Protein chains: 2
Amino acid sequence: MPKQITIKDIAKKTHVSVATVSRVLNDSDCVTDAMRQRVMETVRELGYVPNSIAKSLKTNSTYSIGFLVPDISNHFLISIARTVEDIVSRQKYNLFLCSTGNRADRELDYLKMLLSRNVDGLILNTTGHNDDFILKMNTQIPMVLLNRQVQAEGFHGDLVDTNNHLGCYLLTKQLLSLGHRKIFVVCGPAHLSNSQERFQGFVDAMAEKGICVDEHYPYIYTGDFLMQSGMEAVNHLYEMEDKPTAILSMNNMLTVGILEQLHARNIRVPEQVSLVSYDAINNMDLMVTRPTSATFDTTAIGERLGKAILERIQNPEGENRKFIFDPTIIQGNSLGVPQT
Amino acid sequence: MPKQITIKDIAKKTHVSVATVSRVLNDSDCVTDAMRQRVMETVRELGYVPNSIAKSLKTNSTYSIGFLVPDISNHFLISIARTVEDIVSRQKYNLFLCSTGNRADRELDYLKMLLSRNVDGLILNTTGHNDDFILKMNTQIPMVLLNRQVQAEGFHGDLVDTNNHLGCYLLTKQLLSLGHRKIFVVCGPAHLSNSQERFQGFVDAMAEKGICVDEHYPYIYTGDFLMQSGMEAVNHLYEMEDKPTAILSMNNMLTVGILEQLHARNIRVPEQVSLVSYDAINNMDLMVTRPTSATFDTTAIGERLGKAILERIQNPEGENRKFIFDPTIIQGNSLGVPQT
DNA sequence: CCGCAATTTGTAAACGTATTCATTTAACGA
DNA sequence: TCGTTAAATGAATACGTTTACAAATTGCGG
């Protein structure tokens, strides 16, 4: 591999100092046009490309933003990531998309990596298992959270979230209005704020019909926000003697898993069981089963996220803000009246 | 933002030189155990996290690999990316996933960015519009190509590809065997090697039945590998007077677009038109229309890709290699006999 | 107890850039 | 022409590491 061309080389060739070259390259005003011409000439001639490693070391800013997500297969997140990328790249920032596969250890590795790579800002959709470390990093790096709160005092940063409670409340109401009472709820990890809020939305809707959802309520499955968990939930469900008549899925990955397993078991929706989903699944209109879903404007969310992190980088000491997006319920073909 | 803790700080606090600290941190052998203890003690105490920017500047290696893809929504690519990430992260490399949105200018920006960030290696699935620049970079950075050749002499690196010709040949044969002769072929950009090879597979299969596909063959649509193009192709198709009886889609994004538009126009598959697809679409078994598809083992491809780039980084001067993966045809419910 | 080798530690110079401060040059009115 | 000021350029230092080289320490046979 040939030696890379540095600012020094073009300084020598142009018979100027490295300082002037640097100034030309950074559009400093204190440089004459003739000089700019000459320098840029040799820059082109030698095919110089700046070393942003060195630049970063000096300026202590990398023009990069980390985006930590649990799952790169999640269309909701991908869609948001694309918009965020779009927004921040207009300001010359690069986005590092890091997918942890829902694993806490991987997440910690990534966090350390991003910290040691000196990213200027961080967007976090965490597993919730590294909050202590995140809190430490928080003093060093501006942060914006997506979907999940950091469960600790003293966090400094913004939150962009969907209206978890409302979404699940509405979905549950719809099931109830059809007459469903035995609703099987497939939850995400219990320690996550969004899981809790979604669950609470369910609980509150049920309570309005006088159904108490407590530790004795039988139709609860708790897993990860993964297809795998959705599949397991269905298996679990069909081992019960008193089967539920409807399923409330708390996340799109879960929903896909549930659909896959219902399909594998030849269970028809909504004839045998009704289904509602928090978050939309991809290409829904092409599906045999189109779950009635609480959906969100991922473009709007992405834009807000991108803006928020840029603003925080500009002004790290700003007040904590919350941006909550309300759901739109999309009707599918997954709802029927309960069969007994 | 508080000042970051450097090697110097922990040197001072431990009353040793920065050199020893550095040696401890890099597990150099020439350091006594007692010393290692003492240093690591203060490392933990101060919560030191190494500055990889500075490290990179000195060592001229960033332990990072760039992966340039045209579309982050493409499940085929995402699935590969996940595996690659898995492979390279075992060797402590980080993967930068960059999605160009099929735009040549964005691609060039990303290439420059990756070059200036000194990535150790590059995996490229390009638009084909920046081959000259890539050729220049090629002397600086080890590269592995995915799916698309660089159309120029003197390229140095590996290629991982699917068997484009065979895949389309087999799909076409299957349509022909059902009696289809008027096959509408939806192609990707004509300047890309994989487009060309896929098209040739189609041409050769047709030739075997004595059908000459040349500039007079009416059923050709050329677009980008995007949903949008797939939708436009369908619109184009249904403005023809002598309608084709089958569609061959050359890529999964195109296929989704085609399905969407067929659905929007209420055209039934396979009753009104048959469909085959190069590449599988996601969650196919949940779809109303399951296109018969040439599919590929993305895990195997990802593993090969990851291994290849790591090997190239180890030994940049190695021979050019080609790894071609054969298709598996999955039968869907998208095929019927031609309706006249 | 000395001397020499082997091991461990320290010193200092890089890596490529930005930037302060000093210096040179240009501009211009008197 | 000269002096003054403003503008352009250069010299030198620093960013946080690694690493060649030098120096110090240790071990050990005599």
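Model, not experiment: these values are computed from the prediction. Only heavy atoms go into these numbers, but all of them, side chains included; no hydrogens, no water, no symmetry mates. Note on naming: letters A, B, ... go to the chains in the order of the sequence lines (proteins, then strands), and numbering restarts at 1 for each one.
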>> Distance check, rounded to the nearest 0.5 Å: T162(B) atom OG1 versus F76(B) atom CZ?
In response: 5.5 Å
> Are OP1 or OP2 of dG10(D) and a side-chain N or O of S17(A) less than 4.0 angstrom apart?
Replying inline: yes
>> Starting the side chain at C-beta, find the nucleotide from dG16(C), dG10(D), dT17(D) nearest to Q4(A).
In response: dG16(C)
> When you measure from the side chain of V31(B), which nucleotide among dT9(D), dT9(C), dG16(D) comes out closest?
Replying inline: dT9(C)
>> Please find the pair of heavy atoms, one from L97(A) and one from A81(A), that lie closest to each other, and give the distance.
In response: CD1-CB, 4.1 Å
Kindly give the atom pairs (protein nitrogen or oxygen, nucleotide nitrogen or oxygen) under 3.5 Å for nucleotides 12-14 of chain D.
from    : atom 1 : to     : atom 2 : distance (Å)
dA14(D) : N3     : K58(A) : NZ     : 3.1

>> Rounded to whole Å, how long is the line connecting atom CZ of R23(B) with atom P of dT9(C)?
In response: 8 Å
> Out of curiosity, T100(B) OG1 to E85(A) CD, how far, rounded to the nearest 0.5 Å?
Replying inline: 10.0 Å
>> For DNA chain D, which residues of residues 33-51 of chain A approach it to below 4.0 angstrom with any heavy atom?
In response: M35(A)
>> Using whole Å, what does the distance between atom C1' of nucleotide dG10(D) and atom NZ of K8(A) come to?
In response: 15 Å
> How about S73(A) and R82(B): does a side-chain donor come under 3.5 Å of a side-chain acceptor?
Replying inline: yes
> How long is the gap from NZ on K136(B) to CG on L111(B), to the nearest 0.5 Å?
Replying inline: 12.0 Å
> So which nucleotide from dG10(D), dG10(C), dT8(C) ends up closest to the side chain of T20(A)?
Replying inline: dG10(D)
>> Salt bridge or not between K12(B) and D9(B)? Use side-chain N to carboxylate O under 4.0 Å.
In response: no
>> In the structure I gave you, are the side-chain heavy atoms of V160(B) and F325(B) within less than 4.5 Å of one another anywhere?
In response: yes
>> Please report the distance, rounded to the nearest Å, between CG in L25(A) and P in dG16(C).
In response: 15 Å
> Is the closest basic N to carboxylate O distance between R90(B) and D86(B) below 4.0 Å?
Replying inline: yes
> Can you check the I53(A) CD1 to dT18(D) C1' distance for me, whole Å?
Replying inline: 15 Å
> Considering heavy-atom distances to DNA chain C, does T59(B) or T32(B) have its closest nucleotide positioned more toward the 5' end?
Replying inline: T32(B)
> Salt-bridged, D33(A) to R36(A), with N to O below 4.0 Å?
Replying inline: yes
> Atom NE2 of H15(B) to atom C1' of dA24(D): distance rounded to whole Å?
Replying inline: 19 Å
> Side chains of I141(B) and L115(B): closer than 4.5 Å at any heavy-atom pair?
Replying inline: yes
>> I need the CG-P distance between L57(B) and dA18(C), as an integer number of Å.
In response: 12 Å
> Quick one: is S22(A) getting a side-chain N or O under 4.0 Å of the dA18(C) phosphate, OP1 or OP2?
Replying inline: yes
> How long is the line joining CG of D9(B) and C1' of dT17(D), in whole Å?
Replying inline: 13 Å
> What is the ring orientation for Y63(B) with Y93(B), classed by angle as parallel under 30°, tilted 30 to 60°, or perpendicular over 60°?
Replying inline: parallel
>> Which residue is it: I65(A), L124(A), D158(A)? I am looking for the one with a side chain to side chain contact (heavy atoms under 4.5 Å, CB included) to V144(A).
In response: D158(A)
Could you write out each protein N or O paired with an N or O of nucleotides 4-7 of chain D at a distance under 3.5 Å?
none

>> Please report the distance, rounded to the nearest Å, between CG in N60(A) and P in dT17(C).
In response: 17 Å
